[in-house]
Amino acid sequence: TYLLDIHGIVVDILNPSHDMNYRHLPTIAGWESEPPLRGELWDDPSITAALGVSKVLLDEKLSGELAGDQINVASFKGNQDPRESEIGIHLPDGNRIHWGRGVNAYGEVPLHEKLTKIRECAAKAQGGVNLDWIIRYPEKTLYRTRETVDGARR
């Protein structure tokens, strides 16, 4: 487990069994680059993009409301599926937010619209589990349910 500051500097390398003090912070998953040493900048565009989303959620006080569990960058730059969002936010209740690309990336829905969409989704999804909230399109929000296929969630 790597503890990063908001700029991407590795603050500490933690034993996962000792990271209870940091459970309130979102985790970043799906990165492919080699982590740097303590005190060095993790100079990876996917990490930088995930930290940008994390900062927005913390600044807007959405992290507690959404209880963001994980920011996933596995599809960054189309690594897995170019049709999917580069950044996904996985919530502990099973819901996911398909963010799109990094904060203020060219061609993205403006940040204030994404924040409005997230608040609307959170209000509508009370009790809804395994929903994908797709907020990356202008002037519309899509909801998609993940159904069981061959015993596994899609």
Side-chain angles (χ1 to χ4, degrees), residues 1-14 16 19 21-125 130-146 153-154:
T1 301
Y2 299 87
L3 180 64
L4 307 177
D5 72 7
I6 200 65
H7 305 290
I9 304 288
V10 177
V11 175
D12 205 355
I13 301 168
L14 305 169
D19 68 355
N21 292 331
Y22 305 105
R23 292 190 79 87
H24 66 285
L25 298 174
T27 60
I28 300 173
W31 39 268
E32 295 182 352
S33 64
E34 189 67 30
L37 300 174
R38 185 178 313 155
E40 293 182 4
L41 174 68
W42 196 337
D43 192 18
D44 178 322
S46 67
I47 297 293
T48 303
L51 289 170
V53 171
S54 178
K55 183 175 181 342
V56 166
L57 296 177
L58 291 169
D59 287 351
E60 294 293 322
K61 299 184 180 20
L62 287 170
S63 58
E65 184 179 321
L66 295 175
D69 193 34
Q70 181 187 97
I71 298 172
N72 193 298
V73 294
S75 289
F76 197 78
K77 299 293 184 197
N79 288 345
Q80 287 186 343
D81 185 347
R83 296 172 295 174
E84 290 295 325
S85 290
E86 289 187 357
I87 300 170
I89 303 168
H90 296 243
L91 305 174
D93 62 4
N95 295 326
R96 292 189 301 194
I97 299 171
H98 293 255
W99 179 276
R101 292 180 293 175
V103 176
N104 298 322
Y106 178 77
E108 278 295 287
V109 172
L111 183 57
H112 70 277
E113 285 184 38
K114 283 190 179 191
L115 294 171
T116 298
K117 289 179 180 195
I118 288 173
R119 287 184 174 100
E120 289 171 0
C121 290
K124 288 181 182 177
N130 295 318
L131 287 174
D132 287 349
W133 310 342
I134 305 168
I135 64 167
R136 62 189 188 146
Y137 300 114
E139 301 179 18
K140 64 181 172 183
T141 301
L142 303 175
Y143 296 89
R144 177 174 67 193
T145 59
R146 292 184 309 284
R153 294 258 176 226
R154 272 193 349 177

Evaluate side chain to side chain contact (heavy atoms under 4.5 Å, CB included) for Ile28 paired with Leu51, printing each intermediate quantity in order. CA-CA 8 Å; Ile28 300 173; Leu51 289 170; 4.0 Å; yes

Tell me the closest heavy-atom pair linking Ala49 and Gly102, and the distance in Å. CB-CA, 4.2 Å

Could you measure the distance from the CD1 atom of Ile97 to the CD1 atom of Ile118? Nearest 0.5 Å is fine. 4.5 Å

Between the CD1 atom in Ile134 and the CZ atom in Arg96, the distance rounded to the nearest 0.5 Å is 9.0 Å

Let me confirm one number: the CD1-NE2 distance from Ile87 to His98, rounded to the nearest 0.5 Å. 13.0 Å

Gly30 and Asn72 have their tightest heavy-atom pair at CA-OD1, 4.4 Å

Considering all heavy atoms of both residues, which atom of Val56 and which atom of Trp99 are nearest to each other, and what is their separation? CG1-CH2, 4.2 Å

Point-to-point distance, once rounded to the nearest 0.5 Å, from CD1 of Ile71 to OG of Ser54: 4.5 Å

Over all atoms of both residues, closest heavy-atom pair of Gly100 and Arg136: CA-CB, 3.8 Å

Donor-acceptor list for residues 37-45 side chains, cut-off 3.5 Å, not counting sequence neighbours:
residue	atom	partner	partner atom	Å
Arg38	NE	Asp12	OD1	3.4
Arg38	NH2	Asp12	OD1	3.4
Trp42	NE1	Ser33	OG	2.8
Asp44	OD1	Ser46	N	2.7
Asp44	OD1	Ser46	OG	2.7
Asp44	OD2	Ser33	OG	2.5

Between Trp133 and Leu91, is the side chain to side chain contact (heavy atoms under 4.5 Å, CB included) condition met? List the steps. CA-CA 11 Å; Trp133 310 342; Leu91 305 174; 3.9 Å; yes

Applying side chain to side chain contact (heavy atoms under 4.5 Å, CB included), run through Leu3 and Val10 and close with a yes or a no. CA-CA 6 Å; Leu3 180 64; Val10 177; over 6 Å; no

All heavy atoms of Val73 vs all of Ala50, minimum pair found to be CG1-CB, 3.8 Å

Check residues 105-113 and write down every donor-acceptor pair under 3.5 Å in which the side-chain atom is one partner and the other belongs to a residue at least two apart or another chain.
residue	atom	partner	partner atom	Å
Glu108	OE1	Arg101	N	3.1
Glu108	OE1	Lys114	NZ	2.6
Glu108	OE2	Arg101	NE	3.2

